[in-house]
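What follows is a single structure, written as structure tokens, with notes after it.
Chain naming here is simple, since letters A, B, ... match the order of the sequence lines and numbering starts at 1 in each.
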2 protein chains.
Amino acid sequence: MNPLFHEIFQTTRDITNKLNSCLKEHDLYSSQWTILYTINKNGPMSLTDIWKYLKVEAPTVTRTVARLEQLDWIVRTEGEDRREKIVSFSEEGKKKFPAVLASVLRFEEGLIETFNDEEQQQLLELICKLKGRTNHWEI
Amino acid sequence: MNPLFHEIFQTTRDITNKLNSCLKEHDLYSSQWTILYTINKNGPMSLTDIWKYLKVEAPTVTRTVARLEQLDWIVRTEGEDRREKIVSFSEEGKKKFPAVLASVLRFEEGLIETFNDEEQQQLLELICKLKGRTNHWEI
DNA sequence: GTATTTTATTTACCTAGGTAAATAATAATT
DNA sequence: AATTATTATTTACCTAGGTAAATAAAATAC
């Protein structure tokens, strides 16, 4: 395997693992955090809103949202269209979110602090260019 | 979440998914491919050799190697140290490997073809720098 | 107005990563 | 030599991604 891809995969694993240990004190995992962050940013969302936004398949979101409901971070309510379920913060979740956000922002800051704006921009552009290339591989 | 991290995660998911569909014609998944590639490069290896090389936990390798044995890609033999199991290609696996390698090289080439050497080098360096930062986050 | 199609979600099951603890063989201590 | 510690692998179980198919509600077609 091209060492570039090897490094990219390993780096994302590393980041996910470290993010998970940073989230441990809040009894959360990274994918759970991602959903909380998303509904905090966008307000109440249906499952479809969420998986389209995160570009992940629907069953993955169903599972994580179900777990978040068990843990009393969010509630699922029926939408006007009775097929859809709307995900929003529970009272508990609303209270606890800011502390998690603070932890994660500190973590991200630690990752990126030695990157200047130009380097961040370069990395973002190169990654997006690489992602764009994946579309040229349709079976 | 910082859009940079979001893009990196999404890009690796995209690449893995596309690699999986490229491997489908060979009845393989990406992690299985990674192990085949590794023993092709390094020759017969113990499980510990493999997980240290790939920087993945041991149980993950145990599982994937067991699956590869079921599928008759590899064989596990007892080492001189009777605790360790040595992983090497089966006869079938040895025969089938080159075709898979060719597919994957084509796939990787398609991903990277619009990157010149400087861009590849830049991306590799930025990713490695980012990975290095994860070590500064010890709980 | 009924039948069909589409859409939203879920269920079942696969790979793929992780941790913690069990087991068995080897190495080290005493 | 017997005990203890280390090492290699495995088992059990968690999150986290995927696909395929089931279900139920809504939208569309006829």
Rounded to the nearest Å, what distance is computed from the [atom1] atom of residue [X] to the [atom2] atom of nucleotide [N]?
| X | N | atom1 | atom2 | answer |
| --- | --- | --- | --- | --- |
| B:Asp49 | D:dA8 | CG | C1' | 11 Å |
| A:Asn17 | D:dC14 | CG | C1' | 13 Å |
| B:Glu57 | D:dA8 | CD | P | 14 Å |
| A:Lys55 | D:dG18 | NZ | C1' | 18 Å |
| A:Glu78 | C:dA8 | CD | C1' | 12 Å |
| B:Met45 | D:dT9 | CE | P | 11 Å |
| B:Arg13 | C:dA16 | CZ | C1' | 14 Å |
| A:Asp81 | D:dA27 | CG | P | 6 Å |

Donor + acceptor pair across side chains of A:Thr11, A:Asp14 (<3.5 Å): no

State, without any angle test, whether B:Arg13 and B:Gln10 hold a side-chain donor-acceptor pair at a distance under 3.5 Å. no

Touch class at under 4.0 angstrom, heavy-atom based, for [X] against every strand present:
| X | result |
| --- | --- |
| A:Thr16 | nothing |
| A:Val56 | sugar-phosphate |
| A:Arg67 | sugar-phosphate |
| B:Thr60 | base |
| A:Glu84 | sugar-phosphate |

Contact under 4.0 Å: [X] side-chain N or O vs [N] OP1/OP2:
| X | N | value |
| --- | --- | --- |
| B:Thr64 | C:dT15 | no |
| B:Lys24 | D:dT19 | no |
| B:Arg82 | C:dA25 | yes |
| B:Arg63 | C:dG18 | no |
| B:Thr62 | D:dT10 | yes |

Among [options], find the nucleotide with the atom closest to the side chain of [X].
| X | options | result |
| --- | --- | --- |
| B:Ser31 | C:dT15, C:dA12, D:dT9 | C:dT15 |
| A:Pro59 | C:dT26, D:dT19, C:dA8 | D:dT19 |
| A:Asn20 | C:dA8, C:dT10, D:dA16 | D:dA16 |

Looking at B:Asn116, I'd like to know if its CG atom is crowded, meaning that more than 12 non-hydrogen atoms belonging to other residues, nucleotides or ligands lie closer than 6.0 Å. yes

Neighbour count >12 (heavy atoms, 6.0 Å) for atom CD, B:Glu113: yes

Determine, for B:Phe107 and B:Lys18, whether the Lys NZ or Arg CZ falls below 6.0 Å from the six-membered ring centre while staying within 45 degrees of the axis. no

Assert: residue with more 5' nearest nucleotide on DNA chain D, out of A:Arg83 and A:Gln32, is A:Gln32

With nearest nucleotides of DNA chain D determined for A:Ser30 and A:Glu80 from heavy-atom distances, which residue corresponds to the more 5′ nucleotide? A:Ser30

I would like to know whether B:Glu91 and B:Lys94 meet salt bridge (charged side-chain N to carboxylate O under 4.0 Å, His left out); could you show each step before the answer? CA-CA 5 Å; B:Glu91 285 307 312; B:Lys94 212 175 293 178; 3.5 Å; yes

